[in-house]
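Some notes on the structure that comes next.
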Amino acid sequence: MRVVSWTVLVVCGLLIVAFVLVPRLTGSTPYTVLTGSMRPSMPPGTTVVVKPIEFSQIKVGDVITYQISSGKPEVVTHRVIGVNVTPDGVRLETQGDANPAPDADGVREEQVRGKVWYWLPVIGYVTNGVTSDTRTWLAQGLGVALIGYAVVTLIVTVVRRRKSDPAESEPEFVSGEEAGVEIGESSESGSRAGESSGGPHDPAPELLTRRSLREDNVQHSADDTST
């Protein structure tokens, strides 16, 4: 679950950066592909980030987004297949990758919104129908939520590691004097215990036995002398 959580966190963060922050910082605009004219590379639901470009820098093979009619908001994203010079100026010939024929009308400079910079399928299904302002607020709210989630996850991980760290449960060190007192007391109590139990390491019984034998020998010698 931790791996899944971090994976979702990273993916959402990258999507926010790629389709919200980068377009704002570079002056680019995200659009959603609604038709299948650019299949298979850009199927319906693909979000394309369109970056402004000088009209003179557009060349054959570029994918551009342009207004269907000059001054109107409806746009289309097609590939440039030709650059034609006409008496009225330069016109771009375009065609969808999945369309059998080129577009009927040439594209003028004022119609071009920009060149497709990068794109990602499926994302458009999520953002389609959401206004730009609402998308911005949602992205900011999601970003704050993801940051909060990351902080909480980090704190919980640190706390769990501290609780499970065996070094935290080791006994505290004592000073030399306290250790000496404890060892001295232990030795003294051990010797007392040996005296009371008369264990094999206690020399007292052996000493008493030798003394008893000596006293018995002295007493026998005295008795023999007296007789």
Side-chain angles (χ1 to χ4, degrees), residues 1 3-55 57-83 92-150:
M1 290 300 296
V3 173
V4 173
S5 299
W6 278 104
T7 301
V8 173
L9 179 67
V10 172
V11 171
C12 292
L14 291 176
L15 291 177
I16 290 175
V17 171
F19 293 99
V20 177
L21 296 181
V22 172
R24 282 186 170 273
L25 294 176
T26 59
S28 304
T29 305
Y31 293 96
T32 300
V33 176
L34 301 178
T35 67
S37 62
M38 286 298 293
R39 289 184 177 185
S41 59
M42 301 177 189
T46 299
T47 294
V48 296
V49 175
V50 177
K51 188 175 184 179
I53 186 174
E54 293 291 336
F55 187 74
Q57 296 179 358
I58 298 175
K59 60 183 181 297
V60 174
D62 291 342
V63 178
I64 63 172
T65 298
Y66 59 92
Q67 295 174 337
I68 298 175
S69 298
S70 181
K72 294 185 178 180
E74 291 80 8
V75 296
V76 64
T77 299
H78 280 174
R79 192 179 303 277
V80 177
I81 62 172
V83 179
L92 302 177
E93 187 177 5
T94 58
Q95 181 179 350
D97 290 349
N99 291 347
D103 299 332
D105 300 325
V107 179
R108 298 187 299 273
E109 179 178 358
E110 58 269 20
Q111 293 175 259
V112 177
R113 299 294 89 191
K115 176 183 175 181
V116 173
W117 187 11
Y118 56 88
W119 65 93
L120 186 66
V122 181
I123 300 299
Y125 286 123
V126 180
T127 60
N128 191 26
V130 181
T131 63
S132 177
D133 293 338
T134 304
R135 189 183 300 115
T136 301
W137 281 105
L138 289 175
Q140 292 176 352
L142 181 60
V144 173
L146 291 175
I147 293 173
Y149 175 78

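What's counted below: heavy atoms across the whole structure, side chains too, no hydrogens, waters or symmetry copies.
- The minimum heavy-atom distance linking P43 with P121 is given by the pair CG-CB, 4.5 Å.
- Listed by chain and number, the residues in a side chain to side chain donor-acceptor pair (under 3.5 Å) with K51 amount to none (sequence neighbours excluded).
- Scored by the salt bridge (charged side-chain N to carboxylate O under 4.0 Å, His left out) test, E110 finds R108 as partners (sequence neighbours excluded).
- Evaluation of the salt bridge (charged side-chain N to carboxylate O under 4.0 Å, His left out) rule for K59 yields D62 as partners, not counting sequence neighbours.
- L15 is listed as a side-chain neighbour of L120, based on a closest heavy-atom distance under 4.5 Å.
- Interatomic distance, CG of D105 versus CD of E93, reported as 11.5 Å (0.5 Å rounding).
- Note: Q111 CD to K72 NZ = 11.5 Å, rounded to the nearest 0.5 Å.
- Between the side chains of Y31 and T77, no donor N or O sits under 3.5 Å from an acceptor N or O.
- Applying the salt bridge (charged side-chain N to carboxylate O under 4.0 Å, His left out) criterion to D97, with sequence neighbours excluded, gives R79.
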> After noting the C-alpha distance and the side-chain angles of H78 and D103, does the key distance pass the side chain to side chain contact (heavy atoms under 4.5 Å, CB included) rule?
Replying inline: CA-CA 9 Å; H78 280 174; D103 299 332; 2.9 Å; yes
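- Taken to the nearest 0.5 Å, the CD atom of E74 stands 6.5 Å off from the CD1 atom of I68.
- In terms of the ring-ring contact (aromatic ring centres under 6.0 Å, His included) criterion, residue partners of Y118 (sequence neighbours excluded) are, by chain and number, F19.
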>> Apply side chain to side chain contact (heavy atoms under 4.5 Å, CB included) to residues V63 and M42 and explain how you reach the verdict.
In response: CA-CA 11 Å; V63 178; M42 301 177 189; 4.1 Å; yes
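- Side chain of W117 to main chain of P23: no donor-acceptor pair is present (N/O by atom type, distance under 3.5 Å, no hydrogens or angles).
- Between P44 and L34, the closest side-chain pair of non-hydrogen atoms is not below 4.5 Å.
- Listed by chain and residue number, V3, V11 satisfy the side chain to side chain contact (heavy atoms under 4.5 Å, CB included) test with T7 (two or more places apart in sequence, or in another chain).
- Closest non-hydrogen pair, M38 versus G96, comes out as SD-CA, 3.9 Å.
- Interatomic distance, S28 OG to K115 NZ, rounded to the nearest 0.5 Å: 12.0 Å.
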>> side chain to side chain contact (heavy atoms under 4.5 Å, CB included) for V76 and Y66? Distances and angles first, verdict last.
In response: CA-CA 6 Å; V76 64; Y66 59 92; 3.1 Å; yes
>> Is there a side chain to side chain contact (heavy atoms under 4.5 Å, CB included) between V83 and L92? Walk through the geometry before answering.
In response: CA-CA 5 Å; V83 179; L92 302 177; 3.9 Å; yes
